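Structure first, commentary second.
In what follows, every chain begins at residue 1, and chains take the letters A, B, ... in the order their sequences are listed. Small disclaimer: the values here were computed from a predicted structure and weren't measured. Hydrogens, waters and symmetry mates play no part in the numbers below; they use all other heavy atoms, side chains included.
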Amino acid sequence: MSRYIATRAIRGAHAIVGEAASMLDKALSEKGADTPVSFPNTAYYLPLILGMTGREITKVGDLQSVVEQAKGLLHPVPPDRRWTPYLGETLDSGMATLLAEETIMALRFIYGLQPELMPGFALAGGTAFTSPDNGSGPSADGHLNGPIDDIQLRSWGIQLVDGRMPGFAAIVGCAKTNEVAVKIVRELQRRNILTFLSGNVNGRSIIHQLKEEGVELGYDTYTVPFGTDTESAIYALGFAVRSALTFGGMKGGQARNILLYNKNRVFAFVLALGEVDDLKYATAAGAINFGFPVIADTIIPEILPTGVTTYEHVVSMPFNEIEGADDLERAERLVQKCIEIRGVKVRVTEVPVPVPYGSAFEGEVVRKTDMRVEFGGKHSRAFEYLLMADLDEIEDGKIELVGPAFDDVPDQGAMDLGIIVKVAGRKMEKDFEPVLERQIHYFVNGASGIQHIGQRDIAWIRISHAAAEKGFNVKHFGEILHARFHAEFGSIVDKVQVTILTEPALHAEWLAKARQAYEERNVRIGSMTDESVDTFYSCTLCQSFAPNHVCMISPERLGLCGAYNWLDCKASYQINPTGPNQPIKKQTNLDPVKGYYSGVNEFALSASHQQVQEVSMYSIMENPMTACGCFECIAMVIPETNGIMVLSREDTSMSPAGMTFSTLAGMAGGGLQTPGIMGHGKFYILSPKFISADGGFKRVVWMSSILKEQMAEQLKEVAIREGDPDLIEKIADERVCTDVEGLVAYLAEKNHPAPNMPPIF
Amino acid sequence: MTVEIPIEKWAAKVREVTLGATAAQGGTRTRTVTVGGEGTLPFLSHEGSLPHSPALALEVRDRKPDDWSPLLYRAWGEAMDDPGDWAKAAEAAGADLIYLVFSSTMADGRPNTGENARSVVRKVLGATGLPLAVIGPGQAELDNELIVPAAEEAKGERVMLGICEDKNYRTIVASAMANDHLVQSKTPMDVNLSKQLVILIHDMGMPLERIIMDPTTGALGYGIEYGYSVMERLRLAALQGDTMTQQPMLVNPGEEAWKVKESKVGEGVPAVWGDWERRALAWESVTATTLLLSGADVLILRHPETLKRIRSVLDGLRAPA
């Protein structure tokens, strides 16, 4: 905690509590203790005081105890030479400040000083004041809004809770220029962020600035002017308290719960424009209690460590030092920064492309004759590369085309293309890059008239005549990716920037970079072992039809369907913490050979509804992992050979087990443990942990030829790893035999190692 | 010879959920309905406590529906012309609960409006003292547009708002929280999805005592065994102590049974199918009875005669041995 901020906040708190006390004394003597006090149109008394203290204030006399409590929260200003942490003291001072400010506003209502008068000002929808004392009558003219009424609270509250409104901004002070003030407000409105205005710098408020520029303020424009003094910012916190009382089911006095509710659910922040005085520091300290961070556009000490707020507490972004061509761009960046610091999520609901978009178009084929242009395939080279960037490094929604568009490409021609997606997010991890990159295929395919095949540097994209005629161009790939990454991966992605490359030199340069990254990723996933992590992941996606089956996914054993590896599950859990991929702590390694982990067993027992007691990760003979029905392969022991066969789903022929895949599938699936038979993913065959407890890959005596072909290169490497480079040749397939006699003879002829290995059971 | 009946001991029980609020509780209902609380499988009263009878609701629409079976028009008659009259008739027919469903359009074909939703809710609340469920037409945007004002109108009545689904639950949950209502959480026949949506709704701050889960069912002959098995597994998980499956279950056999050919169509079907009305009522009744046996706590029905039959099934099943 900055001593400077602590000093200023504590000093500010002393002053404002003192002011509240003297105002109260004055009101007690002039108006009497029994004079009623209230905010208009609310059932929550003085909401902040109600929420924080549980007191239901109805008359002036009730305020005495509030002021006493505020005084009790004050701490001495830290002396110059002492350097101790001041966070607790500062937060207390902040709370004292808020109690004092609400007291002051309540008293001002009695004196007819609230809502603040502003001659000539007209609200675009606002709280209805029927008291003639404030000089305005029931009309919305001639005064600022004052506190928000309960009806509006409920209407906005629902939108804040259901996410249509991402959060609220409390702006305090005065912007550099009128232009900047307008830009800031417009940027917030554009994102559906509710904006509350208060405060001033040397008498000039952002409210004056916006009024001069003719910006409509009021409920209708989601921009509410509270007052030109700092004290009126209390209405924003009263709003926050009432949100928790209304939507969080909390009662007055549950201060801790109310503050936590706001921290976790109300995405609000304070934007201090212009010089920050003691009272603003004190009020800001109050807001930090709610988990609302403070961003200032002037130089103030920062409080970057997190704790009370989700991310940084206080961030200074001196306006003139913000990068940008002009003040308007600086204003835009400032707003963007505020959003990042509070972790407000932006929602993009529509994919802005000139063709229909939806999953219905995913399987669409664009034939050569219907094609306007293609990227990749035989005549050109296309690649896609997604990489993680720092939050400050990229600009959300920026979509850039470097090089020519396809206008000059002849009809049905081809051109080189590179799609570079940079994503940034607080929860983004380097390991998620390939997981997200693979989504490009699905996202691009969703556009009608666009065909996408492949990935990485074998991507192949076609744009149809129909789509091109509707105005679809290469930049729209960027629009699609920006919208869809936000929509589907919003929990890990905060910013998406896309560069479409057609310029030859840059294309070549980035293709080389991408290839290097692909290689690094291959090595990374290839070098991950089950021993190198402490967490596996479950997958219960298939429980809808195999109710007791649960997949245990480790770095060296991917899901049996082949669709989920360990990294996918890790990302899936980040995106959807209540979803089908839950982390499983390995805990005690009970048997490193067979792969028994206490954490895995416990999880299996509960997720299989007490059906599966133990799971060995690496054995087909003892407590093998169960299967649903979507396995890519079935492994099954052939007793006569002392080995196993691996049958691919794509292989419809007879197998040496005397059954075809579809007959065997009934035995392997359904969530039952059947020693000697197991469903698994294709790539598990390549893993060093492939039935390693039973002797590993050397046990494979028969394998569907399609597997041999699809994974020829990798299998060669496995054979070398197993110390028998010719091993693949020694493994029979359906072209060699589909019966046991033939298989035994073939193994003897080829001298396959399995028959001479220790008995498999 | 005496036969020892084996008794299963369960670790946990289903959560109790109360619909409706009387004047003493801040509402205007003449009574409330509490469901759930089961400490064992359905109707095994010798084994554990079954404090509440499953509740039977009748579906009432905000206006006379365009596409219901002629048999239902005949059964309800003119009452269908006015949601208030319909609700009154449903109460007279013996319903525990009125399940009020908004249509997507109004009688003149224009899209339904929040204003209309408000006035229908007001009317139905005035016409009956039974607790209420207030349900949207099932199109996300329109649901939200109608349910938010309807929820406000019924503030304090502890109605059940619906339907919360995976893709659209936040607005309905928010308006239920703001107005002290309950919600119906519906997922397509999957134990984990049911559980997940309950978690998500609860994560928004909704107390579990205000969530009723709808695991979805099919009609007899149209997938009921799948739904049955999902409900059975949800209930077993609940009794075994999985807290997020311990919500009372609601299913809608009325809607399901009345959309299948066997009950909807009276002409051009084989003569061996027999009398149309008898068949249709049997379809709804057998569907509903089956669901009771799989653990349903709230059944939504359409025909008043079915309600009578299910009531008598319930009386029989719940009678002391």
Do any side-chain atoms of residues 147-164 of chain B form donor-acceptor pairs under 3.5 angstrom with protein atoms, and if so which ones, sequence neighbours left out?
unit_1	atom_1	unit_2	atom_2	d
B/Glu152	OE1	B/Arg118	NH2	3.0
B/Glu153	OE1	B/Arg118	NH1	3.2
B/Glu153	OE2	B/Arg122	NE	2.9
B/Lys155	NZ	B/Ala178	O	3.4
B/Glu157	OE1	B/Thr28	N	2.9
B/Glu157	OE1	B/Thr28	OG1	3.3
B/Glu157	OE1	B/Arg29	NE	3.2
B/Glu157	OE2	B/Thr28	N	3.4
B/Glu157	OE2	B/Thr28	OG1	2.5
B/Arg158	NE	B/Thr18	O	3.1
B/Arg158	NH2	B/Thr18	O	3.3

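Contacts of B/Tyr226 with chain A are made by side-chain atoms alone, with heavy-atom separations under 4.5 Å and no backbone atom involved. Of the atoms belonging to A/Gln610, it is side-chain heavy atoms, and not backbone ones, that fall under 4.5 Å from chain B. Of the atoms belonging to B/Asn179, it is side-chain heavy atoms, and not backbone ones, that fall under 4.5 Å from chain A. When heavy atoms are compared at a cutoff of 4.5 Å, B/Leu200 approaches chain A solely by way of its side chain, counted from C-beta outward. No part of A/Asn264 comes within reach of chain B, as not one of its non-hydrogen atoms sits under 4.5 angstrom from that chain.
Residues of residues 32-44 of chain B lying under 4.5 angstrom from chain A, judged on non-hydrogen atoms, do not exist here.
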**Study point:** Full working for side chain to side chain donor-acceptor pair (under 3.5 Å) between B/Asn112 and B/Asp62
**Key:** CA-CA 10 Å; B/Asn112 209 338; B/Asp62 61 341; 2.8 Å; yes
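Of the residues considered (B/Met206, B/Met177, B/Gln196), B/Gln196 shows the highest number of contacts with chain A, using heavy-atom pairs under 4.5 Å. Counting heavy-atom pairs closer than 4.5 Å to chain A, the top residue among B/Leu236, B/Val191, B/Asp203 is B/Asp203. When each of A/Val161, A/Thr578, A/Thr246 is scored by its heavy-atom pairs under 4.5 Å with chain B, the top score falls to A/Thr578.
Considering only residues two or more places apart in sequence or on other chains, B/Asp242 meets the salt bridge (Lys or Arg N to Asp or Glu O under 4.0 Å) condition with B/Lys195. A/Phe39 meets the ring pair (Phe, Tyr, Trp, His ring centres under 6.0 Å) test with A/Phe109, A/Tyr235; sequence neighbours excluded.
Between the side chain of A/Arg342 and the main chain of A/Gly167, no donor-acceptor pair closer than 3.5 Å is present.
Taking 4.0 Å as the cut-off between side-chain N and carboxylate O, A/Asp494 and A/Arg426 do not count as a salt-bridged pair. Electrostatic pairing of B/Lys186 and B/Asp214 counts as a salt bridge here, judged by a charged N lying under 4.0 Å from a carboxylate O. Using a cut-off of 4.0 Å between Lys/Arg side-chain N and Asp/Glu carboxylate O, B/Arg235 and B/Asp297 are scored as salt-bridged.
Aromatic ring orientation, A/Phe168 versus A/Phe196: tilted (interplanar angle from 30° to 60°).
In summary, the aromatic rings of A/Phe485 and A/Phe443 are positioned with their centroids under 6.0 Å apart.
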